[in-house]
Amino acid sequence: MLGASLLTLAAVAGQLVVDAAATDGWETAEQGFAKLLGRGDAKQAKLAERWLAETREQLSSAAGTDSEMIRTALAGRWAGRWADLLEEDPDAEAGLRALVQEIEIAPPAIDLSASGQAVLADADISSYAAGPEHPGALATRSELAYSAGQAGDAAAARDQFAALLPIAERVLGPEHPDTLAARASLAFWTGQAGDAATARDQFAALLPVAERVLGPDHPDTLINRHNLANFTGYAGDAAAAREQFAALLRVRERVFGADSPDTLTARFNLAYWTGRAGAAAAARDQFAALLPIRERMYGPDHPDTLATREELAYWTGCAGAAAAARDQFAALLASYEGVLGPEHPETLAIWYQLAHWTALAGDDTGPD
C-alpha cells in the first residue's frame, strides 16, 4: 500500500495532467507522461497516448457548469493511474517527481483559442494555464516540496522551498499567510537537512512577523515557536531550548488545555532539553510525571508512550540509578519486541541501552 507522500505525489501528478491539457505546452507534457507510463513498452505507451488524447478532448469539449465536474473526475482518474504506476513500479517515483517539477516550472505559452477563451470566460482556467506563478500553481509546488521531504529528501524539500519563497513573496506579498508558511517550511527542511543553526535563525526572524500578522496564539505561530526552540537546542544551546519550551508550555496549556497532544509534546520536549541542559534528575521527574498521562490518553503501547518510557529510563540512569535504568529498559524491551518486532532498529537501540545500563549497574547477567 502506498504511503502518504506517494499518494500526494499521485494526486499532484493527476491534477497536473488536467492542468497541462489547457496549455500550449501540452504536447511536451503529453510526451513525458506517455513515456513514463509506457515504461519502455511500445504498446503500453500507445495506450497512454490514447488516454491522454481522450483527456484533452474531454476537457476541450467541456463547457458551462459541467466543466469543473469533468476536470475533477479526470484529475481523480489520473491520480489513480499514477498511484497504480507507483505501486507496480517503485522505481517510477523519481521519474514522476522529476517530470512534475519540470512541467510545473516551465512557463506555458497560452493560446487563447475559441475554446480557451470560453474556459477563461467561465473563470475555469487552471492554475497552470494562468501561469506558473498562479496561486494554485504555487500551492501545488508547495505540496510537491513537502512530499519530497516526507519521502526522505530533506535537501530537495529545502531547495524547492527556497526557489518557491521569492515567487510567493512577489506574487502574494511578504506577509501573506501562504508566504509565511513557505518561510516556515524552508526553515524546517533546512534544519532537517542538517543545518540547525540556519533553521534557528530563520525561525527567529519569522516568529515576530507571524506573531504580528497571525497573532501570538495562532496555531502556526505556536508551531514556529516550537521549531525555534528545537533548532535552538540542536544548534547547541540546550539551556535556551529548555527556557523556550517552558514559556511555550504555559501558552499551550492556556490555549489548548493541559491534556492536548500539542501541550503534551511541549512537556516532552521541555523534559528532553532539561536533561540535555545538564539537569538529569529534573528531566527524570518531568518524564515520570508525563508518563501516566500519555498511558491514560494513548495506551501503554502507543509510540508516544513508549518514547516517554525510553526517555524516563535513560534519564533515570543519567541521574545515578543505573540499576533502575536497567530494569526499566528490560521491561521496555519486551514492549518494543511485541510492537515493532525483535529486529526493528528501535528495538535494537533498546537492547543497546539495556546492555549499557546493565554494565554500569555491575550486573553480568544482562544481554550479550
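Considering only residues two or more places apart in sequence or on other chains, Ala13 meets the side-chain contact (heavy atoms from CB on, under 4.5 Å) condition with Trp82, Leu96, Val100. Contacts of Glu54 classified as side chain to side chain donor-acceptor pair (under 3.5 Å), with partners at least two apart in sequence or in another chain: Arg50. Partners of Trp357 according to the side chain to side chain donor-acceptor pair (under 3.5 Å) rule, which considers only residues two or more places apart in sequence or in another chain, are Gln353. Partners of His218 under the ring pair (Phe, Tyr, Trp, His ring centres under 6.0 Å) rule, at least two apart in sequence or in another chain, do not exist in this structure. In this structure Tyr272 satisfies the ring pair (Phe, Tyr, Trp, His ring centres under 6.0 Å) test with no other residue, sequence neighbours excluded.
With hydrogens and angles ignored, the 3.5 Å screen pairs no side-chain donor or acceptor of Thr190 with any backbone N or O of Asp195. Without hydrogens or angle criteria, Thr347 side chain to Gly341 main chain gives a donor-acceptor distance under 3.5 Å. Between the side chain of Thr221 and the main chain of Asp217, no donor-acceptor pair closer than 3.5 Å is present.
At a threshold of 4.5 Å between non-hydrogen side-chain atoms, the residues Asn269 and Leu248 do not count as touching. When side chains are defined from C-beta on, Ile293 counts as touching Leu264, because their heavy atoms get closer than 4.5 Å. Residues Thr55 and Phe33 are not in side-chain contact: their nearest non-hydrogen atoms beyond the backbone lie 4.5 Å or more apart. By the 4.5 Å heavy-atom criterion applied to side chains, Leu47 and Gln44 are counted as neighbours. Taking 4.5 Å as the limit, some side-chain heavy atom of Val251 sits within range of a side-chain heavy atom of Arg225. Asp262 places none of its side-chain heavy atoms less than 4.5 Å from the side chain of Leu222. At a threshold of 4.5 Å between non-hydrogen side-chain atoms, the residues Glu310 and Leu306 do not count as touching.
Salt bridge status for Glu175 with Arg212: present, with a side-chain N to carboxylate O gap under 4.0 Å. Ion pairing of Arg39 with Glu88 is present here, as a side-chain N (NZ or NE/NH1/NH2) and a carboxylate O approach within less than 4.0 Å. Salt bridge Asp259/Arg296: present, at least one basic N to carboxylate O contact under 4.0 Å.
Considering CG of Leu332 and CZ of Arg309, their distance stands at 5.0 Å, rounded to 0.5 Å. The structure places CH2 of Trp26 at 7.0 Å from CZ of Arg56, a figure rounded to the nearest 0.5 Å. Here the straight-line distance linking atom CG of Asp159 with atom CG of Leu164 works out to 12.5 Å at 0.5 Å rounding. The distance from atom CG of Leu333 to atom CG of Leu354, rounded to the nearest 0.5 Å, is 6.0 Å. Here the straight-line distance linking atom CD of Glu343 with atom CD of Glu337 works out to 10.5 Å at 0.5 Å rounding. Between atom CG of residue Leu270 and atom CZ of residue Arg252 there is a gap of 12.0 Å, rounded to the nearest 0.5 Å.
When every heavy atom of Asp178 is checked against every heavy atom of His176, the shortest pair comes out as N-ND1, 2.9 Å. In terms of heavy-atom proximity, Gln160 sits nearest to Ala145 at OE1-CA, 3.2 Å. Here the closest non-hydrogen pair linking Arg294 and Thr305 is O-OG1, 3.3 Å. Between Ala182 and Phe161, the shortest heavy-atom contact is O-CD2, 4.2 Å. Taking all atoms of both residues into account, the shortest heavy-atom contact from Thr179 to Leu165 is O-CD1, 3.9 Å. Minimum interatomic distance between Ala283 and Thr274 (heavy atoms only, all atoms of both residues): N-CG2, 3.9 Å.
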Report all side-chain donor-acceptor pairs from residues 227-238 shorter than 3.5 Å, counting only partners two or more places apart or in another chain.
from, atom 1, to, atom 2, distance (Å)
Asn227, ND2, Ile223, O, 3.4
Asn230, OD1, Trp273, NE1, 3.0
Asn230, ND2, His226, NE2, 3.4
Thr232, OG1, Leu228, O, 2.6
Asp237, OD1, Ala240, N, 3.1

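With a 6.0 Å radius and a threshold of 12 heavy atoms from other residues, nucleotides or ligands, Tyr298 has its OH atom above the threshold.
Note on Trp315 and Leu360: same hydrophobic cluster, where clusters join Ile, Leu, Val, Met, Phe, Trp and Tyr whose side-chain heavy atoms are under 4.5 Å apart, directly or indirectly.
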